[in-house]
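What follows is a single structure, written as C-alpha cells, with notes after it.
Here is the naming used below: chain letters follow the sequence lines, and residue numbers restart at 1 for every chain. The structure displayed is predicted, hence computed values, not measured ones.
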Amino acid sequence: MILRNAYTGDITPEMAGKEVTLAGWVHETRDLGGIFFLVLRDRKGFAQVTLFRKTTDPVLLNTVKAVSRESVVQVKGLVKTEAKAPGGYEIVPIDVKVLAPAEVPLPMDPTGKVDCELDTRLDVRYIDIRRPCALAVFEIESAVLQSLRDHFYKNGLTETFTPKIVAAATEGGTDLFPISYFEREAFLNQSPQLYKQMLMAAGMDRVFEIGPIFRAEEHDTRRHLNEAISVDVEVSFADENDVMSLLEWAVAGAYSYVKENCSKQLKAIGLDLQVPKTPFRRVTYTEALELASGAGRKSMNWGDDLDTETERFLGEKIGEHYFLTEWPSSIKPYYTLPYSDHPEVCRGFDLMHPRMELASGAQRVHDYNLLVERIKSKGLQPAGFEFYLKAFRYGMPSHAGWGLGLSRLVMTMLNLDNIRDAVLFPRDRRRLVP
RNA sequence: GUCCGGAUGGUGUAGUGGCCUAUCAUGAAAGCCUGUCGAGCUUUCGACCCGGGUUCGAAUCCCGGUCCGGGCGCCA
C-alpha cells in the first residue's frame with residue numbers, strides 16, 4: 001500500500017478542509033514556543049505542517065518536536081488555507097508517524113545554508129540529491145532522454161542493445177578495462193561503434209542505442225569520466241550531412257522539450273534556458289585553423305588535432321553550437337570515410353558546444369577493401385577486427401552515424417561546472433564508491 | 001601521467017612562528033518565545049590529515065605519504 005495519497009506539489013489552497021496523507025523528509029523544523037512548524041519535503045516540493053501548543057495533542061506535539069532533520073515521516077492532516085503560510089496553505093496534522101529517523105549530525109546540509117564540496121556531496125549522493133537543485137539535474141536528464149527517444153522514434157529508428165562485454169579491443173586495447181570472463185580475458189566496451197555498423201549489414205537500417213561506455217584513460221578533468229552514457233545513432237543509405245541534421249534537431253529538440261516541460265526544475269537550478277537555433281553553423285577544420293591563427297596565438301599546422309586551448313578559443317569566438325567538419329583523415333578513426341577526390345580530408349564531424357565537444361560522427365567506410373586499407377594505414381592489424389570486417393563482405397550499405405555524450409549535453413545545457421554534477425554516481429580515476 | 005594549489009569541529013570556513021585555552025557560520029543539546037518561512041534570543045558541545053624534522057615554541061616552516069581541487073596531456 002502506498003503510504004501517501006498526495007505529493008506536496010499537488011496541494012493547493014483550494015483543497016482547504018481535505019484530508020491528505022503526505023510522506024517525505026523533515027526538511028527543517030522551527031519551534032516558536034506556542035507554534036511549531038515542520039517543513040516536509042518530497043520530490044515535488046515542500047509543505048508546512050503547523051502545530052499549536054494549545055490545541056495539538058501533546059503526544060503528537062512531542063513526537064514532532066523530537067524528530068530529527070531528514071527523518072522520513074508520514075503526515076496525515078487537513079489542508080488549511082493560510083495567507084501567512086508559504087504557498088498559501090498549511091497542513092494541520094491529525095497524525096505523524098516517524099517511519100525512519102535520521103541520525104545526527106548529518107554528513108551534509110541539504111537545505112543549502114552551508115556550502116558543501118563536490119567530493120563530500122558525492123560521498124553522500126543520496127543526501128545531496130535531496131536538494132531540489134541537485135534532483136532537478138536528473139529529472140531534466142530524464143526529460144532529455146525522453147525527448148531524444150521521441151525524436152529517434154519519429155525518424156524511424158529502432159532502439160537496440162549491443163554487448164558491453166567484448167572479446168577484443170576495438171583499437172589496441174590500452175584504453176579498455178580488462179575483466180575476467182570465465183577462463184578468458186574480456187573487456188568492457190569503449191563504444192558500440194563496431195556493433196552498430198554490423199547492424200547496418202544486418203539491414204536494421206536506422207538504429208540508436210543509449211547505454212554505457214567504458215574508457216580506461218587516465219584523464220582527470222571536469223569533462224571526462226571513465227564510465228559514461230553514450231547516445232549512439234547509425235543510419236544506412238545516409239551521408240554525414242543527413243546524420244548531422246538528425247543530430248542538431250535532436251539536440252535543439254531536447255532543449256525545447258526541457259524548456260517546455262521542466263520549468264520547475266529550471267527554476268530550481270536558476271536557469272533561463274535558451275534554445276539553440278538550427279541549423280547549427282558548419283565550420284570546416286581548415287576554417288577553424290584560420291579562425292584560431294593570428295593575434296599572437298601559436299600557429300597550428302594542418303593535420304594537428306585541436307588542443308584544448310584552441311577548442312576553447314573557437315568556442316568563445318563562435319559562441320554557439322557548431323559543427324566542425326572536413327577533418328584531416330589522419331586524425332579521425334579508420335572507419336571515417338575519406339573524400340574520394342582528396343582522401344587527405346574525411347567526412348567526419350564533431351558537434352561542438354562553446355565549452356566542449358558533445359558528439360562526433362561521420363559517414364563511414366562501407367567498402368571492405370578500403371576499410372582494410374584504412375585499418376592498416378592506422379598501424380593496426382586487420383586480423384584483430386575479423387568479426388567486424390567480415391560484416392562488410394556480404395552486402396554492407398553506405399551508412400553514417402554519431403555518438404553523443406549524454407552527460408556533456410546535460411552539463412552544457414545546464415551550465416554545470418563539473419560533469420560529475422550531471423552523473424548520479426560518477427566513475428573517475430579515483431572514485432569507485434559509492 | 002604532469003604542473004600548480006589545498007587539507008582546521010558533522011558541514012563550509014578564518015587563522016602565514018608565540019596574541020590559539022583556534023575565528024565565524026551552520027549544526028547538535030538545553031531553555032525562552034503563537035506566524036515562522038535562512039526565524040530570533042540565551043547557555044553549552046564539537047576541529048588543526050598521517051609520519052618524520054627544524055625551533056625554546058609549529059595549525060603556521062621543511063621532507064615524505066595519503067586524500068582533494070584546478071590546468072594541461074591523454075581522450076581510436
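A salt bridge is absent between A:R121 and A:D123: the closest approach of a Lys/Arg side-chain nitrogen to an acidic carboxylate oxygen does not fall below 4.0 angstrom. Comment: A:R420 engages A:D428 in a salt bridge, judged by a side-chain N to carboxylate O separation of less than 4.0 angstrom. For A:E234 and A:R364, the salt-bridge test passes: some basic side-chain N is under 4.0 Å from an acidic carboxylate O. Ion pairing of A:E103 with A:R69 is absent here, as no side-chain N (NZ or NE/NH1/NH2) approaches a carboxylate O to less than 4.0 Å. Salt-bridge annotation for A:K332 and A:D350: present, with a side-chain N of the basic residue lying under 4.0 Å from a carboxylate O of the acidic one.
When distances run from any side-chain atom of A:D31 to the nucleotides B:rG35, B:rC33, B:rA76, the shortest one goes to B:rC33. In the set B:rC68, B:rG70, B:rG73, B:rC68 carries the atom at the smallest distance from any side-chain atom of A:E117. Distance from the side chain of A:F37 is smallest to B:rG35 among B:rA28, B:rG69, B:rG35. The nucleotide whose nearest atom lies closest to any side-chain atom of A:R312 is, among B:rU26, B:rG71, B:rA76, B:rG71. Set against B:rA39, B:rU26, B:rG1, the side chain of A:D109 has B:rU26 as its closest nucleotide. Comparing B:rC68, B:rA76, B:rU36 by their nearest atom to the side chain of A:Q48 picks out B:rU36. Listed candidates were B:rG70, B:rG12, B:rC68. Nearest to the side chain of A:V114 is B:rG12. For A:P333, the side-chain atoms get nearest to B:rA76 when compared with the rest of B:rG12, B:rG69, B:rA76. Here the side chain of A:P86 is nearest to one of B:rA76, B:rG35, B:rC37, namely B:rC37. When distances run from any side-chain atom of A:R430 to the nucleotides B:rC37, B:rG12, B:rG69, the shortest one goes to B:rG69.
The side chain of A:R53 places an N or O atom within less than 4.0 Å of a non-bridging phosphate oxygen (OP1 or OP2) of B:rU34. Checking the phosphate oxygens (OP1, OP2) of B:rU36, no side-chain nitrogen or oxygen of A:K84 falls inside 4.0 Å. Considering only side-chain N and O atoms, A:K113 lies under 4.0 angstrom from the phosphate OP1 or OP2 of B:rA39. Contact check, A:T120 against B:rG12: a side-chain N or O comes under 4.0 Å of OP1 or OP2. Regarding contacts with the backbone of B:rC75, every side-chain N or O of A:N226 stays at 4.0 angstrom or more from both OP1 and OP2. The side chain of A:R30 places an N or O atom within less than 4.0 Å of a non-bridging phosphate oxygen (OP1 or OP2) of B:rA39. In this model, the phosphate group of B:rG1 is approached by a side-chain N or O of A:R429 to a distance below 4.0 Å at OP1 or OP2. Between A:R222 and B:rG71 there is a side-chain N or O to OP1 or OP2 distance below 4.0 Å.
Residue-level contact check: A:K65 touches neither bases nor backbone, having no heavy atom under 4.0 Å from any strand. Counting any heavy atom pair closer than 4.0 Å across all strands shown, A:D128 reaches no nucleic acid atom.
Protein atom CG of A:L118 is 11 Å distant from nucleotide atom P of B:rG12, rounded to whole Å. Separating the CG atom of A:L32 from the C1' atom of B:rC37 is a distance of 10 Å, rounded to the nearest angstrom. If you take CZ of A:R374 and P of B:rA76, they are 15 Å apart, rounded to a whole angstrom.
Remark: B:rC32 base-pairs with B:rG40. Criterion, Watson-Crick or G-U wobble with two distances under 3.5 Å. The nucleotide B:rG5 finds its pairing partner in B:rC68, both defining distances of the Watson-Crick or G-U wobble pair being shorter than 3.5 Å. The pairing partner recorded for B:rG27 is B:rC45, the criterion being a Watson-Crick or G-U wobble arrangement whose two distances lie under 3.5 angstrom. Across all strands shown, B:rG53 is found opposite B:rC61 as a Watson-Crick or G-U wobble partner, with both distances under 3.5 Å.
Across B:rC50 and B:rC67, the matching C1' atoms stand 11 Å from one another, rounded to whole Å. B:rU44 and B:rA22 have their P atoms separated by 14 Å, given to the nearest Å. When the C1' atom is compared between B:rG27 and B:rG38, the two are found 13 Å apart, to the nearest whole Å. Atom name C1', nucleotides B:rG6 and B:rG15: the rounded distance is 15 Å, in whole Å. As rounded to the nearest Å, B:rG1 and B:rG65 have P atoms that lie 13 Å from one another. With both ends at atom P, the span from B:rC68 to B:rG73 equals 22 Å, rounded to whole Å. Comparing the C1' positions of B:rC4 and B:rU43 gives a spacing of 46 Å, expressed to the nearest Å. Taking atom P in both B:rA29 and B:rG46, the straight-line distance is 15 Å, to the nearest Å.
The cationic group of A:R393 lies under 6.0 Å from the six-membered ring centre of A:Y368 and within 45° of the ring axis, placing it in a cation-pi geometry.
Formation of a donor-acceptor pair under 3.5 Å by the A:R281 side chain with backbone atoms of A:E320 is not found in this model.
A:E90 contributes a side-chain N or O that forms a donor-acceptor pair with the base of B:rG35 under 3.5 Å. Judged by atom type and distance alone, A:S68 does not reach the base of B:rA28 through any side-chain donor-acceptor pair under 3.5 Å.
Here the closest heavy-atom approach between residue A:F392 and residue A:H399 is recorded as CE2-CE1, 4.3 Å.
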